[in-house]
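What follows is one structure encoded as structure tokens, with my remarks underneath.
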Amino acid sequence: MIHQSGKPPLMNIFAEIRTVVIAALDAMVSEGVLPSDLSFDNVAVEPPRDAAHGDMATNAAMVLAKPASKAPRAIAEALVAKLTENAQIEMAEVAGPGFINLRLNPSVWAAVVEHALSAGDGFGRSTRGTGTKVNVEYVSANPTGPLHVGHARGAVFGDALASLLDFAGYDVTREYYINDGGAQVDVLARSVYLRYLEAHGQEVAFEDGTYPGDYLKPVGAALKAKVGDAFIDKGEQFWLAEVRDFSTEAMMGLIREDLAAIGVKMDRFYSEKSLYDTGRIEDAIETLKQNGLIYRGTLEPPKGKVPEDWEPREQTLFRSTAYGDDVDRPIMKSDGSWTYFAPDIAYHWDKISRGYDALIDVFGADHGGYVKRMKAAVAALSESKVSLDIKLTQLVKLYKDGEPFKMSKRAGTFVTLRDVVDQVGSDVARFVMLTRKNDAPLDFDFAKVTEQSKDNAVFYVQYAHARVRSVMRKAADMGVDAPDAPLLEDEAEFALARKIAEFPRLIEIAARNNEPHRVAFYLYDLASDFHALWNKGNEKTALRFLQEGDNAATAAKIALPRAVGVVISNGLSILGVTPVEEMR
RNA sequence: GGCCUCGUAGCUCAGCGGAUAGAGCAACCGCCUCCUAAGCGGUAGGUCAUAGGUUCGACUCCUAUCGGGGCCGCCA
């Protein structure tokens, strides 16, 4: 969805200052100080690591020194002279090997705070994705049972990524691919059939290759309610197809409920089955064939560890090596049926033909070996015009009071998404899972994540928001309903305003890298700066947001915390976490 | 054997080609007559796995090696 609003122009102060720097460089070119064929692409304007260096720094002189054949300091000094002409820039000086440190006019930071207030839920939004259609496919768990914790991580990650891209201006579709076409749904059907017989009072045994989980009992009972005894003592050919459809639908019902419990809402569910017997797989393969990418052949056995029963077989192969894969991949089994790769190709072909500019797949880490061939397929089908980024989410290791928590599907001790949400809540589960890069393993300790302390980033950020809301309520009691133009005096206030100013830039970086975890870490930093200022108010009453008996001063002071509240709220909405009004 | 991924403080982890590599936990010393102490300040803790390379500049990019995890033709 593209955000439509009459809000003021988006404000990214770092991008603005960069355009000032570029303009100064352009002027230097027209004056003959710099040659005319320079690229400014690598010129960056960034927050300095050390605040003592100023508000911002640019590497322009160092980046341009070599292509311009000039000493970095010479460029830097000429650039400094130009930059100081700008009203927003109070001071510019050359430092270190050729950095230019900038100090902005203090009024700029007050303007940023005001902007955040007026932009409200639009603050931080970016136009970088405008006009770009992106499809994010995530979860896509087999419809054979409830979602477990691993799925939860993929669900939360994919959802936050989609929200992040939406916030950055992309036209985003959230999509779930239902694997309802393979052998696993036959297994599901047979398992449900056993529960159906059980519901009719028969003794049943769950052999290897069936799903023994209790969650299928109500499905068996529901099947009984629907068809009575019609399927008893009948062969598979009589009931399999119907039971499969019935069971798959029941499982998708479960999964939708699980997704809802953790706050995930898909725009579209796409059925694998719909690709079969409709000619769509054949269409996709034919497209590849026309490009000479499909052939009959025999693969070499894998080097090193060769399976015992290896024997060469001729298969239909996709020449994925033409697009960077290590070996060509089979799309058809030796018995003439499709491998799982074939419908996946057709599915991505369908996504491409729906007009997306970029595709993102969120897979579990165990699908790592699948990345290259999928990218190869998308490149081949789209003539490399559509990008595919595949994000892998690593395992979730569960702990209870520091003790590892073993999951076993067979023993029925696997932890479901619902278990996690029931115990810790959606907000905590989401934030914890997002305070980690997607490709790093995640330790999830039930005891620790429910602990309400600094140890737990969720509560730390929530607490900051609750404090903001508390201040606003108290201000309203004093008769101050809305913030006035902010008055920034203390270094702690400027630090906080600068942090707020970084939010739009953070969004750009996070969206560029498809890394929603950056938002979570940023919010933690912002909360930290806020708590620091709060405590400074304990010692220095002039820094308190509420100035007793002085409504005018209070109105000016609450602008900053109000803006913090806006940013936390915007950031948490990307993560799908509720900003709380108070802590209880 | 090949491919993917990770390796940063005692522990858990951030880190956008940029300056003296940062948080939290644990340890130690402090801060509530005061807007929520679910908070804040300080001390201490590092050969960024190793060795090369590219670069004005490398935790970041490239190559190799070591170590952990994952994957590797008729499972999706």
Side-chain angles (χ1 to χ4, degrees), chain A residues 42 44 46-50 53 57 59 62-63 65-66 72 95-99 101 140 142 144 179 181-185 272 298-307 310-313 315 317 325-327 329-330 332-335 337 339-341 343-344 364-372 392 394-395 435-437 439-441 443 445 448 451-457 459-460 462-464 466-467 470-471 473-475 505-506 508-510 512-513 517-518 520-521 524-525 527-528 530-539 541 543-548 554 557-558 561 582-583:
Chain A
N42 292 327
E46 306 170 309
R49 192 187 294 278
D50 186 342
H53 291 139
N59 59 357
M62 288 181 293
V63 172
K66 197 168 191 181
F99 283 102
N101 290 329
S140 298
N142 288 343
T144 55
N179 291 116
Q184 75 283 355
V185 283
E272 176 194 359
T298 308
L299 288 174
E300 294 290 310
K303 293 198 172 93
K305 204 178 163 189
V306 179
W310 175 271
E311 51 181 277
R313 289 191 184 92
Q315 296 168 302
L317 300 166
D325 202 357
D326 308 306
V327 290
R329 304 292 178 175
M332 196 179 267
K333 302 173 194 171
S334 48
D335 67 2
S337 63
T339 64
Y340 56 89
F341 188 35
D344 270 357
D366 54 344
H367 287 60
Y370 202 52
V371 171
K372 281 191 179 180
L392 302 177
Q394 265 289 354
L395 295 175
T435 316
R436 189 71 27 121
K437 282 185 294 196
D439 48 13
D443 291 340
D445 189 318
K448 218 168 186 177
E451 192 177 297
Q452 303 197 350
S453 74
K454 188 173 192 169
D455 203 6
N456 190 338
F459 290 98
Y460 189 74
Q462 295 278 39
Y463 185 39
R467 276 181 152 176
S470 166
V471 165
R473 282 191 298 270
K474 293 213 152 116
R505 181 170 186 273
L506 179 278
E508 296 258 340
I509 293 170
R512 186 172 68 222
N513 296 301
H517 76 272
R518 288 174 187 272
F521 281 98
Y524 186 87
D525 285 346
S528 178
F530 175 73
H531 288 310
L533 175 60
W534 180 288
N535 265 73
K536 245 185 156 177
N538 287 339
E539 298 145 26
T541 50
L543 292 180
R544 291 190 193 167
F545 306 126
L546 302 173
Q547 296 293 318
E548 223 170 310
T554 301
K557 281 295 178 199
I558 61 171
E582 56 185 332
M583 306 290 280

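Within every chain, numbering begins at 1; the chains are lettered A, B, ... in the order of the sequence lines, protein sequences first and strands thereafter. Just so it is clear, the model here is predicted, and its values are computed rather than measured.
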- Task: Would you sort out whether A:D335 and A:S337 count as a side-chain hydrogen bond (donor to acceptor under 3.5 Å, both in side chains), showing the intermediate values?
- Result: CA-CA 6 Å; A:D335 67 2; A:S337 63; 2.8 Å; yes

With a 4.0 Å cut-off on heavy atoms, is [X] in touch with a base, just the backbone sugar-phosphate, or nothing at all?
X: A:V327; answer: nothing
X: A:R329; answer: nothing
X: A:E582; answer: base
X: A:N513; answer: nothing
X: A:A466; answer: base
X: A:A464; answer: nothing
X: A:Q184; answer: sugar-phosphate
X: A:F545; answer: base
X: A:A65; answer: nothing
X: A:D439; answer: sugar-phosphate
X: A:S334; answer: base

Side-chain N or O of [X] less than 4.0 angstrom from OP1 or OP2 on [N]?
X: A:K437; N: B:G15; result: yes
X: A:Y460; N: B:C40; result: yes
X: A:H531; N: B:C35; result: no
X: A:R467; N: B:G39; result: no
X: A:K66; N: B:U55; result: no

- Item | side-chain contact (heavy atoms from CB on, under 4.5 Å) against A:A527, all qualifying residues, sequence neighbours excluded | A:Y460, A:V461, A:A464, A:H531

- Residues in side-chain contact (heavy atoms from CB on, under 4.5 Å) with A:K66, at least two apart? none

Please report the distance separating the [atom1] of [N] from the corresponding atom of [M], rounded so that it comes out in whole Å.
N: B:G57; M: B:G24; atom1: P; value: 34 Å
N: B:A19; M: B:C59; atom1: C1'; value: 15 Å
N: B:G69; M: B:C61; atom1: C1'; value: 24 Å
N: B:A9; M: B:A26; atom1: C1'; value: 12 Å
N: B:C48; M: B:C11; atom1: P; value: 16 Å
N: B:U55; M: B:C31; atom1: C1'; value: 48 Å
N: B:U8; M: B:A51; atom1: P; value: 16 Å
N: B:U65; M: B:C74; atom1: C1'; value: 37 Å

- Which nucleotide in the set B:A23, B:U12, B:A76 lies at the smallest distance from any side-chain heavy atom of A:N142? B:A76

- Item | Closest to side chain of A:N535, choosing from B:A19, B:C40, B:C74 | B:C40

- Nucleotide by nucleotide, nucleotides 59-71 of chain B touches protein heavy atoms under 4.0 Å in the pattern (B base, S sugar-phosphate only, - none) B----------SS

- Item | A:E548: salt bridge (Lys or Arg N to Asp or Glu O under 4.0 Å) partners, not counting sequence neighbours | none

- Item | Along RNA chain B (nearest heavy atom to each residue), the more 5'-positioned of A:L299 and A:E272 | A:L299

- Message: So A:K372 and A:D326, do their side chains get closer than 4.5 Å, heavy atoms only?
- Response: yes

- A:Y370 side chain to A:D344 side chain, donor-acceptor N/O pair below 3.5 angstrom: yes

- Query: Do we count A:F99 as stacking onto B:G18 if the rule is ring centres under 5.5 Å and planes under 30°?
  - Reply: no

- Task: Give the dot-bracket string for RNA chain B, reading 5' to 3', where a pair is Watson-Crick or G-U wobble with both distances under 3.5 Å, ( ) marks pairs inside the strand, [ ] marks pairs crossing earlier ones, | marks a partner on another strand, and . marks unpaired.
- Result: (((((((..((((....[...)))).(((((.......))))).....(((((..]....))))))))))))....

- Query: Does A:R518 have any side chain to side chain donor-acceptor pair (under 3.5 Å) partners at least two apart in sequence or in another chain, and if so, which?
  - Reply: A:E515

